[in-house]
S.K.: 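I'd like to ask some things about the structure below.
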Amino acid sequence: MESEEAAATVQATRPRRRVSRNPVTAIVPKTRVRKPKKNEESSQSPQQQSHKATVEDKFSQWKALVPILYDSFANHALVWPSLSCRWGPELEQAASKTQRLYLSEQTNGSVPNTLVIANCEAVNRQLNEAAYSPLVKKYKTIIHPGEVNRIRELPQNNKIVATHTDSPDVLIWDTETQPDRYAVPGAPNSSPDMLLTGHQDDAEFALAMCSTEPFVLSGGKDKSVVLWNIQDHITKAGTDSKSPGSSFKRTGEGGNKTGCPSVGPRGVYRGHEDTVEDVAFCPSSAQEFCSVGDDSCLMLWDARTGTNPAMKVEKAHDADLHCVDWNPHDNNLILTGSADNTVRVFDRRNLTSNGVCSPVYTFEGHKAAVLCVQWSPGKSSVFGSSAEDGLLNLWDYDRVGKKSERAPKSPDGLFFQHAGHRDKVVEFNWNVLDPWTIVSVSDNCESSGGGGTLQIWRLSDLIYRAEEEVLTELEKFKSHVFTCTSKP
């Protein structure tokens, strides 16, 4: 993400393999996306080899269409893979529109693991239509105690982030007041601003922040879901991103290894029979939330009624569930992704306490385990899913049952497939400030032996707008072209 790695314009950009700064054997991090089951073989099967060939074929087709598919596109080769990516606050600057971006660096131990705060600069198209591509530069490095498996920002003040690592605790950081560090061998870890305790075993992936109140939610290997309220531990600056000063009250609590204050749980919720892989808050309530896990269950919880599940689906998928998201526009719709390669939409009005419920629809378009799902902030029926097949699919459930004559073999509901990554797409994030802009990251261990890829892209409006509207505009454009070409 250094300046020399800045993305070129759409026409010149071509995703590339990472150029190693060290021998490949020196930069291979241990696999951290989803730990393989004990009965999985390490050698590649014929099916896996066929899958890799399919990824390369899709990538080649996609590369030729980049100038047509995107209003803007940027590709950054990462020395170390990032397992999480999130948009942060917008920064007001005179010359350009700049937004914070939260990333991580998962190393092999030769240098420290880090939480990276970057600046993503995008030129306003109305002022300069020739400059389409975002430019990403590191702004600050925080030396993280262990790998950064998951990053989530506090909606009330997104300069505050929570991180998950291979430990039972949740780490809370004020990204503005944390000092910038150099990630050199032997450097001591940065000290988090707050530590959330309550898990009895490692909590690696499941992490969420509430949109209505400063509540934090987590799940882990102890099969539990843990809820915290950090309202009493943050200052006015903690609830207002424009207020100066520290976001946290210094109370002297704690006594843990990091020396920072620690906060115990508001509630611990048990019902899963295996690792909890992901959690999500109801968009309109800090008291309602959901969780999914390796027991194939989807569970809904209400903190006001006790610590047992309020509703559940015992067989939500045919394999482990990896991810869940609650629709910000419609509180009844919940999205799940699984190791069975599918994405499902559930309506909570159909859920019961006896564990029996059928999904509203099952979306089939991936060829490997789904790792991340997220509803669009701009349209209630649109969502994305990314998977180990290297694809990031965009779906619209309003299009289910409305097959396009131009793509009759396309999976129902699928309207766009981003094939710019050549390895597992571990996470992506829609930009709330620019709803059709997405940041996505891939872990390139299998395709190139190490490193990762960061991509920031905005879909062409010709793809997501109504078909009749687009055809009308293209017809006008065709007339204009014919008029121009007929002139001497």
Side-chain angles (χ1 to χ4, degrees), residues 1-6 21 27 29 74 76-122 134-154 157-165 169-195 234-235 237-238 240-248 250 257-261 429 439 441 451-452 454 456:
M1 293 179 295
E2 308 299 336
S3 57
E4 66 267 23
E5 291 179 342
R21 298 183 184 177
I27 62 168
H76 295 267
L78 305 177
V79 175
W80 304 105
S82 177
L83 298 188
S84 195
C85 57
R86 303 292 292 186
W87 291 103
E90 184 177 9
L91 307 178
E92 299 295 335
Q93 295 187 2
S96 62
K97 183 170 146 185
T98 302
Q99 191 171 352
R100 288 276 195 258
L101 193 61
Y102 301 126
L103 305 165
S104 68
E105 291 178 315
Q106 179 209 6
T107 74
N108 64 352
S110 60
V111 293
N113 293 281
T114 64
L115 170 63
V116 176
I117 295 90
N119 286 340
C120 179
E121 180 180 334
L135 177 66
V136 179
K137 293 182 180 180
K138 274 188 182 180
Y139 166 72
K140 184 181 291 186
T141 297
I142 295 172
I143 299 180
H144 198 271
E147 299 171 352
V148 183
N149 300 328
R150 191 62 58 92
I151 306 168
R152 291 294 180 263
E153 71 284 357
L154 185 67
N157 179 1
N158 46 16
K159 72 179 183 181
I160 299 176
V161 301
T163 58
H164 254 330
T165 185
D169 302 323
V170 177
L171 283 62
I172 307 293
W173 310 85
D174 184 334
T175 58
E176 293 303 308
T177 60
Q178 280 284 332
D180 188 16
R181 300 285 303 281
Y182 289 99
V184 296
N189 294 329
S190 298
S191 178
D193 293 277
M194 188 185 299
L195 207 63
I234 55 180
T235 64
D240 182 0
S241 59
K242 295 184 179 180
S243 294
S246 174
S247 299
F248 300 98
R250 297 302 175 187
K257 294 179 184 177
T258 65
C260 67
N429 188 215
V439 57
V441 288
L454 163 70
I456 302 171

S.K.: List the atom of Asn158, the atom of Gly88, and the distance in Å for their closest heavy-atom pair.
M.R.: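 For Asn158 versus Gly88, the nearest heavy atoms are ND2-C, 3.8 Å.
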S.K.: Side-chain contact test, heavy atoms from C-beta onward, threshold under 4.5 Å: evaluate it for Val161 versus Ile117 and give yes or no.
M.R.: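 Side chain of Val161 against side chain of Ile117, heavy atoms only: no contact under 4.5 Å found.
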S.K.: Using 0.5 Å steps for rounding, measure from the SG atom of Cys120 to the CG atom of Leu135.
M.R.: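 It comes to 8.0 Å.
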S.K.: Run the numbers on Ile456 and Trp87 for side chain to side chain contact (heavy atoms under 4.5 Å, CB included), then give the verdict.
M.R.: CA-CA 11 Å; Ile456 302 171; Trp87 291 103; 3.9 Å; yes
S.K.: Kindly say whether Val148 contributes a backbone atom to a donor-acceptor pair with the side chain of Glu105 at under 3.5 angstrom?
M.R.: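 It does not hold such a pair.
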S.K.: For the residue pair Lys159 and Asp174, establish whether any side-chain heavy-atom pair is separated by less than 4.5 Å.
M.R.: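 Sidechains of Asp174 and Lys159: in contact.
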S.K.: Compare every heavy atom of Glu147 with every heavy atom of Asn113, then report the nearest pair and how far apart it is.
M.R.: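 The answer is OD1-CG, 3.7 Å.
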S.K.: If you round to the nearest 0.5 Å, how far is CD1 of Ile172 from CG of Asp193?
M.R.: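 Asp193 CG to Ile172 CD1: 9.0 Å, rounded to 0.5 Å.
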S.K.: Do the side chains of Arg86 and Glu153 get close enough for a salt bridge, i.e. N-O under 4.0 angstrom?
M.R.: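 Yes, Arg86 and Glu153 are salt-bridged.
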S.K.: Under the criterion side chain to side chain contact (heavy atoms under 4.5 Å, CB included), I'd like the reasoning laid out for Arg181 against Ile142: C-alpha separation, chi angles, the key distance, then a yes or no.
M.R.: CA-CA 6 Å; Arg181 300 285 303 281; Ile142 295 172; 5.9 Å; no
S.K.: Do Ser104 and His144 have a side chain donor and acceptor closer than 3.5 Å?
M.R.: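 Distance-only check fails for Ser104 and His144.
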S.K.: If I take atom CD1 from residue Ile151 and atom CG from residue Leu171, how far apart are they, to the nearest 0.5 angstrom?
M.R.: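 That separation rounds to 12.0 Å.
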S.K.: Compare every heavy atom of Tyr102 with every heavy atom of Pro89, then report the nearest pair and how far apart it is.
M.R.: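 Looking at all heavy atoms of both residues, the shortest contact is CD-OH, 3.5 Å.
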S.K.: So how far is it from Thr165 OG1 to Leu115 CG, rounded to the nearest 0.5 Å?
M.R.: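 With rounding to 0.5 Å, OG1 (Thr165) is 11.0 Å from CG (Leu115).
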S.K.: Kindly give the heavy-atom pair with the smallest separation between Pro112 and Pro185, and that separation in Å.
M.R.: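 Heavy atoms only, the tightest pair is CD-N, 4.3 Å.
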S.K.: Checking salt bridge (charged side-chain N to carboxylate O under 4.0 Å, His left out) against Arg100, which of Glu90, Glu176, Glu121 comes through?
M.R.: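 Only one option passes, and that is Glu176.
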S.K.: Compare every heavy atom of Pro192 with every heavy atom of Ser190, then report the nearest pair and how far apart it is.
M.R.: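 Smallest heavy-atom distance, with atoms named: O-CD, 3.7 Å.
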S.K.: Evaluate the side chain to side chain contact (heavy atoms under 4.5 Å, CB included) criterion for residues Lys138 and Val116: first the C-alpha distance (whole Å), next the side-chain angles of each, then the deciding distance (0.1 Å), finally the verdict.
M.R.: CA-CA 7 Å; Lys138 274 188 182 180; Val116 176; 3.9 Å; yes
S.K.: Nearest 0.5 angstrom please: Ile143 CD1 to Asp180 CG, how far?
M.R.: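 With rounding to 0.5 Å, CD1 (Ile143) is 9.5 Å from CG (Asp180).
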S.K.: State whether the side chain of Gln106 and the backbone N or O of Trp80 hold a donor-acceptor pair below 3.5 Å, judged by distance alone.
M.R.: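 Such a contact is absent between Gln106 side chain and Trp80 backbone.
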S.K.: Look only at the side chain of Thr98 and the backbone of Leu91, and say whether a donor-acceptor pair between them is shorter than 3.5 Å.
M.R.: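 Here the side-chain-to-backbone pair does not exist.
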S.K.: Just so I know, are the side chains of Thr163 and Arg150 near enough to count as touching, which here means a heavy-atom distance under 4.5 Å?
M.R.: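 A side-chain contact is absent here, since even the closest heavy-atom pair is not under 4.5 Å.
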